[in-house]
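Protein chains get the first letters and strands the later ones, always in sequence-line order, with residue 1 at the start of each.
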Amino acid sequence: MTPEAIFKRLQEKFGEETVFDFHEVSDKNRDAWFQVAPFEIEPVCEYLKTEPDLAFDYLESMTGVDYPDDKKIVVVDHIYSYGHKHRVILKAFLDREDPAMPTLVNVWSTANWHERECFDLLGVLFEGHPDLRRILLPDDWEGHPLRKDYEEKEEYHGIPTQRPNPIELYKIGVPGKDKKAS
Amino acid sequence: MSANLNLMAPPKGLDAKYSDDQGSVITTNVDQVINWLLNWGRSNSVWYLLFGLACCAIELMQTGGPRGDLERFGAAPRPSPRSSDLFIIAGTLTYKMALRVKRLYDQMSEPRFVISMGSCSNCGGLFQYAYSVCKGVDQIIPVDVYVPGCPPRPEALLEGLLKIQEKIKNEKYLQRRYGVVGA
């Protein structure tokens, strides 16, 4: 099935409040995608997985994107069906100040680590997640570094996070830039 | 290569005199001979801790393989910091791993030496603007030899090992251990 057909089908089932904003493949959108209301996403995904002629059995990737200008954090799900060989992309637009959405662990177990990564790097809270803690960064890390307004700390456990540029530190001439350089 | 790399070089200050009737006489300082002997043994059995962090580890394996063959210099890979003399840090060091590196270094017994292999462990390299990458191993532990390259060729790492051997051969253990007279 094409993404548009899947979108139409979901809209019939769940209504225009829940599934909306379809984007066709274009130069700007390399893949077709549509929005799902964040707090309605679990029944939609359950339907996508269990319905025999949709049968999306594989959550390929789940990532987050930060849009500070729009004050949104977008969680993007790529899901794929091995049986029917079709793919669809769902996006959930969350409030940047309080990013939260229900977990998809009960639908696809793969979501467990993906959601932990999304929480680790962007601070999205997945409600109902069985084990929501950092997966890549150390447990005592402060902040979520993939947010655009993240600022690096001065040091981490006494390790400085900046290293002076040796060219500026020792006044080394740079060939091409500095005429004195040999 | 300096003369120190010659395995059969006699210790400094050793002076041998031979006589048919009286037997042979060697005059030397005991500490210099003992230092030479210790250094000779240590420099030719530099066991290194296997610590590959990123793609430099592939070159480290090549160096240990049949073509580079680190073992012809007596350097054998060890799985434990407690039985190794040399710490080869090969690859990108993250802050999460930096704390472990510090602990491993503390577990090594002296005399211990550190080779920082590749641009990433020298200064952060390609990833130095990343939030999670430590800007150089020397921010956490002292480094003896820096091997530049991304990644360095096995020959470069061999050169690094030879530099470590050179350094070991110039050590004065007795003086360090028991102190210098009049100091």
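- Under the 4.5 Å side-chain heavy-atom criterion for ILVMFWY residues, a single connected hydrophobic cluster contains both Ile88(B) and Leu158(B).
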Can you check whether chain B and chain A share any donor-acceptor pairs under 3.5 Å, and give the atom names and distances if they do?
| unit_1 | atom_1 | unit_2 | atom_2 | d |
| --- | --- | --- | --- | --- |
| Leu136(A) | O | Lys96(B) | NZ | 3.0 |
| Glu152(A) | OE2 | Lys135(B) | NZ | 3.3 |
| Arg163(A) | NH1 | Lys135(B) | O | 2.8 |
| Arg163(A) | NH1 | Asp138(B) | OD1 | 3.0 |
| Arg163(A) | NH2 | Asp138(B) | OD2 | 3.0 |

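- Proximity to chain A (any heavy atom under 4.5 Å) is restricted, for Cys134(B), to the side chain, taken from C-beta onward.
- Around the OH atom of Tyr67(A), the shell of radius 6.0 Å holds no more than 12 heavy atoms that belong to other residues, nucleotides or ligands.
- The aromatic ring centroids of Phe87(B) and Phe51(B) lie less than 6.0 Å from each other.
- Between the side chain of His129(A) and the backbone N or O of Asn112(A) there is at least one donor-acceptor pair closer than 3.5 Å.
- Under the 4.5 Å side-chain heavy-atom criterion for grouping Ile, Leu, Val, Met, Phe, Trp and Tyr, Phe119(A) is connected to Leu59(A) within one hydrophobic cluster.
- Residue-level contacts of residues 77-111 of chain A with chain B do not occur; threshold 4.5 Å between heavy atoms.
- Looking at every heavy atom in both residues, Gly91(B) comes nearest to Cys56(B) through N-CB, 3.7 Å.
- Contact record, Leu122(A) with Val65(A): CD1-N, 3.9 Å, taken as the closest heavy-atom pair.
- Note on Glu51(A) versus Lys13(A): no salt bridge recorded, every NZ/NE/NH1/NH2 to OD/OE distance being 4.0 Å or above.
- Under the 4.5 Å side-chain contact rule for hydrophobic residues, Leu53(B) and Met117(B) do not share a cluster.
- In this structure, CZ in Phe73(B) is found 4.5 Å from CG in Leu162(B), a value given to the nearest 0.5 Å.
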